[in-house]
Novice: 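What follows is a structure written as structure tokens; I'll ask about it next.
Predicted model only: the values in this text are computed from it and were never measured. As the structure lists them, so they are numbered: ligands from 1, and atoms in each ligand from 1.
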Amino acid sequence: MTDKVIKNYVGGAFVDSGTYFDNIDPVNGNVLAKVSEANRAMVKQAVAASRKALNGPWGRMSVQQRTALLHKVADGIEARFDEFVEAEMADTGKSYQQASTIDIPRGAANFRIFADMVKTASNESFHTDTNDGAGALNYSVRRPLGVVAVVAPWNLPLLLLTWKLAPALACGNCIVAKPSEETPSSATLLAEVMDEAGVPAGVFNLVHGFGPNSAGEFLTSDPGINAITFTGESRTGSAIMRAAAETVKPLSFELGGKNAAIVFDDADFDKALEGTVRSVFTNGGQVCLCTERVYVQRGLFDKFVEGMKQKAEALKIGWPTEKDTDMGPLISFEHRDKVLSYYRLAEKEGAQFVTGGGVPVFGDQRDKGAWVEPTIITGLSEDARCVKEEIFGPVCHITPFDTEEEAISMANNSQYGLAAAIWTRNISRGHRVAQQMEAGMVWVNTWYLRDLRTPFGGVKLSGIGREGGSHSLNFYAEPSNICIKL
Ligand SMILES: NC(=O)c1ccc[n+]([C@@H]2O[C@H](COP(=O)([O-])OP(=O)(O)OC[C@H]3O[C@@H](n4cnc5c(N)ncnc54)[C@H](O)[C@@H]3O)[C@@H](O)[C@H]2O)c1
Ligand SMILES: N/C(=C\C=C\C=O)C(=O)O
């Protein structure tokens with residue numbers, strides 16, 4: 001039993017509500033800490049502290065001062081890099097390789113890119129001709145939205161929390177953030193870093209808890225919140241839209257996906273194979289951009305499926321701390337059971353299992369963790385639930401196709417539209433097919449190659465709005481137009 005308590009961070013102080021929930025290590029089911037669950041009153045205090053900071057030191061701070069502080073926060077993350085890696089691995093079971101090369105570096109990078117971008121952001125102005133010949137000057141100024149609620153998921157905890165926090169703070173907003181109940185640790189470490197960097201009290205607040213009838217719902221339904229930026233399941237997005245509807249406010253939603261990869265028979269076989277294995281199994285398939293539907297041109301189908309099978313079976317499912325581990329456990333027993341239920345559903349729907357479909361046996365304490373086997377299935381029809389519904393685990397379905405038109409039609413036949421990957425040596429085809437994808441982000445001959453200045457977001461059930469680069473600045477600071485009669 002541990003006596004470690006993870007606290008909330010409200011108005012510049014670490015506070016404890018006296019009500020707790022367990023923080024579980026998904027590697028072996030051990031309790032890592034007790035987490036203080038913020039109650040409605042604490043959430044209200046956090047909103048009030050934000051408002052006070054907005055009308056106080058933070059609102060009066062120059063862009064230079066604000067952005068210098070954000071760089072200090074990035075410095076703080078880098079200075080405590082190993083602690084952040086350890087915290088992320090403890091909460092999620094993800095590998096050292098993933099946490100140390102993706103999750104934590106991006107935590108610092110997110111602060112730096114938006115601190116730099118906001119310093120060079122411009123506004124628009126127009127000279128307007130008027131009948132009296134004197135003219136008028138129209139120009140816009142940007143104002144922060146005010147108090148912004150940031151609600152984040154568990155799969156890339158620090159990366160996704162700071163992906164929203166950084167631009168919101170860079171634009172002068174104050175924040176009340178709620179990380180996932182599954183991953184409180186790196187967010188709380190971030191609060192320490194903010195505190196140490198001298199971010200004024202109330203600018204950043206952190207409340208722990210769940211969604212319905214807990215901190216998530218208290219926060220997103222609070223009338224003192226001016227905008228909500230949310231990353232999570234599509235159905236949660238619907239719930240948050242309903243909660244926010246009464247007090248109309250800007251929403252930015254990054255939601256679910258059922259992403260397709262299309263492999264043409266003229267693709268570079270080795271690159272397409274390596275890239276598709278990475279896009280299916282990275283982070284145990286627990287990345288919104290991961291591929292769950294693979295479409296392979298018929299001439300290549302058998303060879304590609306065999307190649308995927310060999311690579312999936314060669315993945316090292318191991319201790320997160322081992323440097324060559326490729327895949328850890330899923331985030332929780334509940335999520336593990338959800339993914340396993342889809343493995344069983346695939347059997348019922350008549351799938352052939354190329355590999356996987358079960359739970360690995362280690363013969364050690366990992367047998368008490370939330371582990372599943374990397375899995376590849378084929379043979380299902382396009383309207384099967386396992387081909388339509390987001391599973392969010394280390395699993396993909398592979399389907400053959402004959403023509404480019406058929407592949408595009410199958411890939412687009414989804415209620416989601418977040419990301420897609422196209423593999424072909426024919427670059428004209430790469431452009432042509434990518435431009436027909438009903439998705440917010442399309443990679444050609446690569447996957448998850450990120451330029452933080454580009455628009456990030458999804459269509460259909462995958463989201464509302466875009467963040468990234470100027471898109472983030474346009475969401476977190478809205479223009480007012482001023483017209484001066486000359
Ligand atoms: N599009 C993207 O960029 C992106 C990125 C990561 C994850 N995701 C999606 O997120 C999902 C996995 O993450 P998850 O399981 O944490 O999602 P989730 O929707 O279950 O939870 C996300 C966050 O919302 C909170 N929440 C839940 N119900 C709420 C409510 N009624 N009101 C307010 N807050 C509420 C949770 O506590 C958590 O902090 C997957 O669907 C994945 O595709 C999307
Ligand atoms: N938002 C980003 C990644 C999202 C991953 C989803 O799980 C990013 O890389 O900026």
Novice: Once you restrict to heavy atoms under 4.0 Å, what part of L156 touches ligand 1? Side chain, backbone, both or neither.
Specialist: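 Under 4.0 Å from ligand 1, L156 contributes no heavy atoms.
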Novice: With heavy atoms only and a cut-off of under 4.0 Å, state how V287 meets ligand 1: side chain, backbone, both or neither.
Specialist: neither
Novice: Assess K44 against F218: is NZ or CZ under 6.0 Å from the centre of the six-membered ring, and within 45 degrees of the ring's axis?
Specialist: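 No, K44 does not lie over the aromatic ring of F218.
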Novice: Applying a strict 4.0 Å limit to heavy atoms, is P179 in contact with ligand 1?
Specialist: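 Contact present.
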Novice: Between T236, L255, L461, I391, which one has a non-hydrogen atom sitting closest to atom 28 (N) of ligand 1?
Specialist: T236
Novice: From L219 CG over to I225 CD1, what is the distance, rounded to the nearest 0.5 angstrom?
Specialist: 4.5 Å
Novice: Is R112 salt-bridged to D75, going by a charged N under 4.0 Å from an acidic O?
Specialist: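 Answer for the salt bridge query: yes.
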Novice: Can you say whether the rings of Y9 and F14 are parallel (under 30°), tilted (30 to 60°) or perpendicular (over 60°)?
Specialist: tilted
Novice: Determine, using heavy atoms of P212 and all atoms of ligand 1, whether some pair is separated by less than 4.0 Å.
Specialist: yes
Novice: Tell me the contacting part of Q286 for ligand 1: side chain, backbone, both, or neither, using a 4.0 Å heavy-atom threshold, strictly below.
Specialist: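 Looking at Q286 and ligand 1, no heavy atom falls under 4.0 Å.
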Novice: Is it true that W163 and F114 have ring centroids separated by less than 6.0 Å?
Specialist: yes
Novice: Run through D222, N226, N205 and flag the one making a side chain to side chain contact (heavy atoms under 4.5 Å, CB included) with V47.
Specialist: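 Single side chain to side chain contact (heavy atoms under 4.5 Å, CB included) partner of V47 among D222, N226, N205: D222.
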Novice: Looking at ligand 1, would F253 count as a contact under a 4.0 Å heavy-atom criterion?
Specialist: no
Novice: Is it true that K316 and D324 make a salt bridge, defined as a side-chain N closer than 4.0 Å to a carboxylate O?
Specialist: yes
Novice: Nearest non-hydrogen atom to atom 7 (C) of ligand 1 belongs to which of I228, T220, V151, N155?
Specialist: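 Checking each option, the heavy atom nearest atom 7 (C) of ligand 1 is found in N155.
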Novice: Between K271 and E274, does any side-chain N to carboxylate O distance fall below 4.0 Å?
Specialist: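 Salt bridge flag = no for E274 with K271.
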Novice: Kindly determine whether M410 and R293 satisfy side-chain contact (heavy atoms from CB on, under 4.5 Å), including the steps that lead there.
Specialist: CA-CA 10 Å; M410 289 197 288; R293 295 181 290 145; 5.7 Å; no
Novice: Rounded to the nearest 0.5 Å, what's the gap from CD on E292 to CD1 on I377? Could you check?
Specialist: 9.5 Å
Novice: Side chain, backbone, both or neither: which applies to S234 and ligand 1 if a contact is any heavy-atom pair less than 4.0 Å apart?
Specialist: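 Under 4.0 Å from ligand 1, S234 contributes no heavy atoms.
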Novice: Tell me: protein heavy atom nearest atom 36 (C) of ligand 1, and distance?
Specialist: E181 OE1, 3.6 Å
Novice: Could you tell me whether some N/O pair between F456 and ligand 1 is separated by less than 3.5 angstrom?
Specialist: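 The answer is no, given that F456 and ligand 1 share no N or O pair closer than 3.5 Å.
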Novice: What residue and heavy atom of the protein are closest to atom 8 (N) of ligand 1, and at what distance?
Specialist: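 The closest heavy atom on the protein side is C288 CB, 3.7 Å.
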Novice: Return the closest protein heavy atom for atom 16 (O) of ligand 1 as residue, atom name and distance.
Specialist: W154 CD1, 3.0 Å
Novice: Measure the distance from atom 30 (C) of ligand 1 to every protein heavy atom, then report the residue, atom name and distance (to 0.1 Å) of the closest one.
Specialist: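 Nearest protein contact, heavy atoms only, for atom 30 (C) of ligand 1 is G211 CA, 3.9 Å.
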Novice: Who's the nearest protein heavy-atom neighbour of atom 17 (O) of ligand 1, and how far?
Specialist: E233 N, 3.4 Å
Novice: Could you tell me whether atom 21 (O) of ligand 1 has at least one protein heavy atom nearer than 4.0 Å?
Specialist: no
Novice: Please tell me if the side chains of M241 and F230 come closer than 4.5 Å, counting only heavy atoms from C-beta onward.
Specialist: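 With C-beta onward as the side chain, the pair stays apart.
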Novice: Check whether any heavy atom of A152 sits under 4.0 Å from an atom of ligand 1.
Specialist: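 Yes, that is the case, since the closest heavy atom of the residue is under 4.0 Å from the ligand.
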Novice: List the closest protein heavy-atom neighbour of atom 12 (C) of ligand 1: residue, atom name, distance to the nearest 0.1 Å.
Specialist: F392 CE2, 3.7 Å
Novice: Suppose we measure from atom 43 (O) of ligand 1 to each protein heavy atom; which comes out shortest, and what is that distance?
Specialist: E390 OE2, 2.7 Å
Novice: Does this structure show an ion pair linking R80 with E192, if we count only N-O contacts that are shorter than 4.0 Å?
Specialist: yes
Novice: Taking K460 first and then E438, would you say they form a salt bridge - that is, a charged N and a carboxylate O separated by under 4.0 Å?
Specialist: yes
Novice: Run the side chain to side chain donor-acceptor pair (under 3.5 Å) test against N8 and tell me which residues pass, sequence neighbours left out.
Specialist: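 Once residues adjacent in sequence are excluded, the partners of N8 under the side chain to side chain donor-acceptor pair (under 3.5 Å) criterion are S36.
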Novice: Measure the distance from atom 34 (N) of ligand 1 to every protein heavy atom, then report the residue, atom name and distance (to 0.1 Å) of the closest one.
Specialist: G216 CA, 3.7 Å
Novice: Can you check which of I240, T231, L289 brings a heavy atom nearest to atom 32 (N) of ligand 1?
Specialist: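 Residue with the shortest heavy-atom distance to the ligand atom: I240.
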Novice: Please step through side-chain contact (heavy atoms from CB on, under 4.5 Å) for the pair L289 and S279, ending with a clear verdict.
Specialist: CA-CA 8 Å; L289 304 164; S279 75; over 6 Å; no
Novice: One pair per line, please: each N/O atom of ligand 2 matched with every protein N/O atom under 3.5 Å away, atom names first, then the distance to 0.1 Å.
Specialist:
| from | atom 1 | to | atom 2 | distance (Å) |
| --- | --- | --- | --- | --- |
| ligand 2 | 7 (O) | N155 | ND2 | 2.6 |
| ligand 2 | 7 (O) | C288 | N | 2.7 |
| ligand 2 | 9 (O) | R106 | NH1 | 2.8 |
| ligand 2 | 9 (O) | Y448 | OH | 2.7 |
| ligand 2 | 9 (O) | R450 | NE | 2.9 |
| ligand 2 | 10 (O) | R106 | NH1 | 3.4 |
| ligand 2 | 10 (O) | R106 | NH2 | 2.7 |
| ligand 2 | 10 (O) | R450 | NE | 3.4 |
| ligand 2 | 10 (O) | R450 | NH2 | 2.8 |

Novice: Between K94 and D103, does any NZ, NE, NH1 or NH2 come within less than 4.0 Å of an OD or OE carboxylate oxygen?
Specialist: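 Looking at D103 and K94, the cut-off is met.
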